[in-house]
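Any value given below was found using the heavy atoms of this structure, including those in side chains, with hydrogens, waters and symmetry copies removed. Reminder, nothing fancy here: chain letters follow the sequence lines and each chain counts from 1.
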Amino acid sequence: MAAAESYPDDVVYHPEHDWARVDGDEATLGITWFAQDALGELVHYEPPTVGSTVAKDGTYGEVESVKAVSDVVAPLSGEVLEVNQKAVDEPEVVNEDPYGEGWLIRIRMSDTSELDALMSADAYRAHIAEQ
Amino acid sequence: METTLQRTPLFERHVGAGARMVPFAGFEMPVQYSGVIDEHRAVRADCGVFDVSHMGEIHVDGPTAQEFLQALLSNDIERLADGEAQYTLLTNERGGIIDDLIAYRITLGSFLLVVNASNRAAAYGWLKEREARGTEVRDASDEYGLLAVQGPRSLERLELPEAPAFTHAMAVLDGVEVMVCRTGYTGEAGVEICCPEEDVQALWDAVVARGATPCGLGARDTLRLEVCYPLHGSDIGPDTDAISAGLGWACALDTDFTGADVLRRVKADGPERRLVPFVMEERAVPRQGMPIEGGGEVTSGTHSPMLDVGIGMGYVPTASSTPDTELVIDVRGKSRRARVVKKPIYRKET
């Protein structure tokens, strides 16, 4: 069951439809409601390996629906601390709960100043309205 | 260059039902309503309806119509009686496939060909160019609406009697005069229903009111791939021959149709490569164009909603084409294992 459209205020957004929830020097990353809706029901998530590094604006994984595959773009740089195994085993969880149980990776940020470039929920809503 | 997309008479119905519309073969068509997987399961378990009004309908009429088609189509059209139909191929001189289609015999002097939307112009042009005395070829695609109603409960929901596959008959369904064809592209029981273009909205509403789930092109593709029906433009085309594609059963090689000599030779020598179905052994979704190690290529790939694994079809060297052979597919730079299987990939448990 796909979630209803939402853009919560407790995360920050990247224009490529990714979000980050910051906790100290760590951040949890995922894709937005808009991204999962555009893809449709996810059937595969190809995650990065724990210990690898991701770079802001670079791709760190792939999410795939029946019809399409999409790169996942990192909103922040850092080291991968954890991969959400539930999203690997049951990718539909990303459709059902994109900001909760459907998170993709957890990282240790290498440059917290990168946060300045990310958008608030309101700014992201305005961004997708232009698409 | 800006091209205008055509719309079927059901465009407003699709948009009103929340469909996501995409360009396909020059038409704006629904790719999904609620979701590909839900729609797919509705067809496997109950009944779904697809708007396939974008497909082409070509009338071939006249006292020499049968001879004309026998010389151009791969299957033996002389085997058809009135009210029967067959899957057949329109072939070129190289034995390649211009289109795969269903030929319906209305009477001996009147045939209806239902062709792929993307090949309507090519198929019509090929036939029209070869039209001879005693045969008239007419593109009637804009005169008809066509719905596919597919799934184990289709006949029950439409209150239609059982009938053999590949037959057709006129009927009246909820006040609409229709041609009911016992054909489909899903591997399920069901019908394809043809009606005058101006009646297709009423027909759609009636079928949906009878409980059929609206289904889009996304589910149409996953359904056909699970049962290994080839898609023209992906698995077969003007440069692929029917024997290599496993469609020899639709070629009457004892008749003289265009390219038959080439196909007889391919059959005698054995094809160098064959189109095979496969199932992924590792988590990955194969896609069209991905290389298969050892000189092959994926021509269709998706995630099977029924089996919950990646599935596909592709051409491989004949030596690698027997069931249980392991294949290695290059999934965007990563090697992923797959296994050749027998057709169909998905078979209903009975």
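Ranking Asp308(B), Val285(B), Thr302(B) against chain A, the residue ahead of the rest is Val285(B), based on heavy-atom pairs under 4.5 Å. Counting heavy-atom pairs closer than 4.5 Å to chain A, the top residue among Lys334(B), Arg20(B), Gln32(B) is Arg20(B).
To the nearest 0.5 Å, the span separating CE on Met119(A) from NE2 on His14(A) amounts to 8.0 Å. Rounding to the nearest 0.5 angstrom, the gap separating the SG atom in Cys228(B) from the CD1 atom in Ile311(B) is 7.5 Å. Here the straight-line distance linking atom CZ of Arg224(B) with atom OH of Tyr229(B) works out to 11.5 Å at 0.5 Å rounding.
Between Arg336(B) and Glu293(B) there is no salt bridge, since no side-chain N of the basic residue sits under 4.0 Å from a carboxylate O of the acidic one.
With a threshold of 4.5 angstrom between heavy atoms, Asp37(A) approaches chain B through its backbone and through its side chain.
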